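Note that the structure is predicted; figures quoted are calculated from it, not measured. Heavy atoms only: backbone and side chains are in, while hydrogens, waters and symmetry mates are out.
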Amino acid sequence: MVAVLAAVLTTDVRPVEAGLNRTPVVGGVVAPQGKFPWAVRLSMGCGGALTEPRVVLTAGHCVDDTGRNDSIEVTAGVSDLRSSRAQTARSERVIRAEGFVDEVHGDDWAVIRLDRPLRLPTLPLAQDAIGPGRYIVMGWGQTREDSVEQEQRLHYATVPSVPDEKCEAAYVKAGVTLVRDEQMCAGSPGVDTCQGDSGGPMIGRGRHGEWVQVGIVSWGLGCARDGYPGVYTQLSTFRPAIEKAVRKLRN
Ligand code: ARG
């Protein structure tokens, strides 16, 4: 009870309910049409989420740079990319995190202004850092590390968060240092995001049970390997910077 209360007082973002389907994404299941209406597919082979009707949040490593950009096609509003219900838009402008070098060094976020607003629900950014628990990740990426195919339908999986110390210890062996304030880890053996899921949202539940975005698919060593969880951009760290960039894209 004390723990529950503490969680309520210190954060307004909660993990998703336990016991959701385990089967990604590696180890996931197909998302029914309409379940994650703000999830979008980007033509360079990444995912994203509609933060505003005219703004997509994705990973920094999915885009080239900050500036005018009309090269990205956005498919939205569908689980099945070939569905006739798909809405499409094109990028106009991109703002990538200042200081972005590559995904392992953090700062892995970017926002994209679309050439028109999409008539779809948007996904709010979580206000606070996440607590331990299970979160949902999704994408149209590979369902196996050695697959060469992307998926036609959106897949999702429920992944447990992994403490920074544990994740850092794993990746140090691989020669990579976790940027603790900017990255967080999640996944279990057999369940993870994978190539092509980058940029897509990790979500939890907000104060009123609504979905909120807590992370962005960023990188990992292979996919779903035992001992190597997926690494996600820690949205709570970047929320002020992302909101500022979104405001800039409005003009
Ligand atoms: N960097 C990958 C992409 O561009 C995402 C990899 C996520 N990997 C993982 N094991 N969680 O699609």
Side-chain angles (χ1 to χ4, degrees), residues 10-14 36-44 46-77 87-103 105-130 135-139 179 181-184 198-218 232-251:
T10 57
T11 173
D12 76 343
V13 47
R14 283 175 286 129
F36 305 119
W38 24 253
V40 307
R41 176 69 170 174
L42 306 177
S43 53
M44 84 295 272
C46 280
L50 269 187
T51 300
E52 290 198 346
R54 209 166 165 170
V55 177
V56 168
L57 176 60
T58 187
H61 78 266
C62 288
V63 303
D64 290 333
D65 211 342
T66 293
R68 292 188 56 86
N69 184 327
D70 61 4
S71 71
I72 306 166
E73 282 161 43
V74 179
T75 306
Q87 300 186 37
T88 56
R90 185 168 277 281
S91 59
E92 272 187 358
R93 200 143 69 90
V94 169
I95 298 178
R96 191 176 65 178
E98 230 174 283
F100 173 83
V101 180
D102 61 39
E103 57 269 44
H105 289 95
D107 287 311
D108 196 12
W109 64 266
V111 283
I112 304 170
R113 177 177 153 104
L114 308 181
D115 63 356
R116 65 191 189 87
L118 294 172
R119 239 172 283 128
L120 287 166
T122 54
L123 178 63
L125 310 183
Q127 298 288 328
D128 300 301
I130 66 167
Y135 295 86
I136 289 180
V137 293
M138 64 193 71
V179 186
D181 300 348
E182 303 187 6
Q183 299 169 335
M184 56 194 190
S198 279
M202 171 191 266
I203 59 173
R205 296 284 191 186
R207 209 180 288 258
H208 308 289
E210 76 284 14
W211 296 123
V212 291
Q213 184 166 1
V214 302
I216 302 170
V217 180
S218 184
Y232 296 82
T233 304
Q234 189 171 311
L235 264 199
S236 57
T237 298
F238 296 111
R239 192 171 61 89
I242 292 170
E243 284 176 349
K244 193 171 159 206
V246 168
R247 280 196 297 274
K248 266 198 197 167
L249 288 186
R250 284 190 199 133
N251 318 307

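In this view, Asp65 and Arg96 satisfy the salt bridge (Lys or Arg N to Asp or Glu O under 4.0 Å) rule, not counting sequence neighbours. With sequence neighbours excluded, no residue forms a salt bridge (Lys or Arg N to Asp or Glu O under 4.0 Å) with Arg119. A search for side-chain contact (heavy atoms from CB on, under 4.5 Å) contacts involving Asp115 returns Ala89, Arg90, Glu92, not counting sequence neighbours. Taking Glu103 as the reference, nothing meets the salt bridge (Lys or Arg N to Asp or Glu O under 4.0 Å) condition, with sequence neighbours excluded. Partners of Ala245 under the side-chain contact (heavy atoms from CB on, under 4.5 Å) rule, at least two apart in sequence or in another chain, are Ile95, Trp109, Val111. In this structure Ser91 satisfies the side-chain contact (heavy atoms from CB on, under 4.5 Å) test together with Asn69, Ile72, Ile112, sequence neighbours excluded.
Closest of all the heavy-atom pairs between Trp38 and Pro201 is CZ3-CG, 3.9 Å. Across Val40 and Ala76, no two heavy atoms sit closer than the pair CG1-CB, 3.7 Å.
Checking Asp108, Thr233, Asp107 one by one against His61, the side chain to side chain donor-acceptor pair (under 3.5 Å) holds for a single residue, Asp108. A side-chain contact (heavy atoms from CB on, under 4.5 Å) with Met202 holds for exactly one of Gln234, Met138, Met184; it is Met184.
His105 has its side chain within reach of Asp102: a pair of non-hydrogen atoms, C-beta onward, lies under 4.5 Å apart. Within the 4.5 Å cutoff, side-chain heavy atoms of Arg116 are placed close to those of Leu118. Side-chain contact check for Leu42 versus Val74: some heavy-atom pair is nearer than 4.5 Å.
Summarising the geometry, atom CZ belonging to Arg41 is positioned 7.5 Å from atom SG belonging to Cys46; distances are rounded to the nearest 0.5 Å. Between the CD1 atom in Ile216 and the CZ atom in Phe238 there is a gap of 8.5 Å [rounded to 0.5 Å]. The line from CD of Gln183 to OH of Tyr232 is 12.5 Å long, rounded to the nearest 0.5 Å. Atom-to-atom distance recorded for Gln213:CD and Thr122:OG1 is 11.0 Å, nearest 0.5 angstrom. With rounding to the nearest 0.5 Å, the separation of OG1 in Thr58 from CE in Met44 is 6.0 Å. Annotation: the span from Asp70 atom CG to Arg93 atom CZ amounts to 13.5 Å, rounded to 0.5 Å.
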* Could you walk me through whether Gln127 and Arg207 pass the side chain to side chain contact (heavy atoms under 4.5 Å, CB included) test, one step at a time? => CA-CA 10 Å; Gln127 298 288 328; Arg207 209 180 288 258; 6.0 Å; no
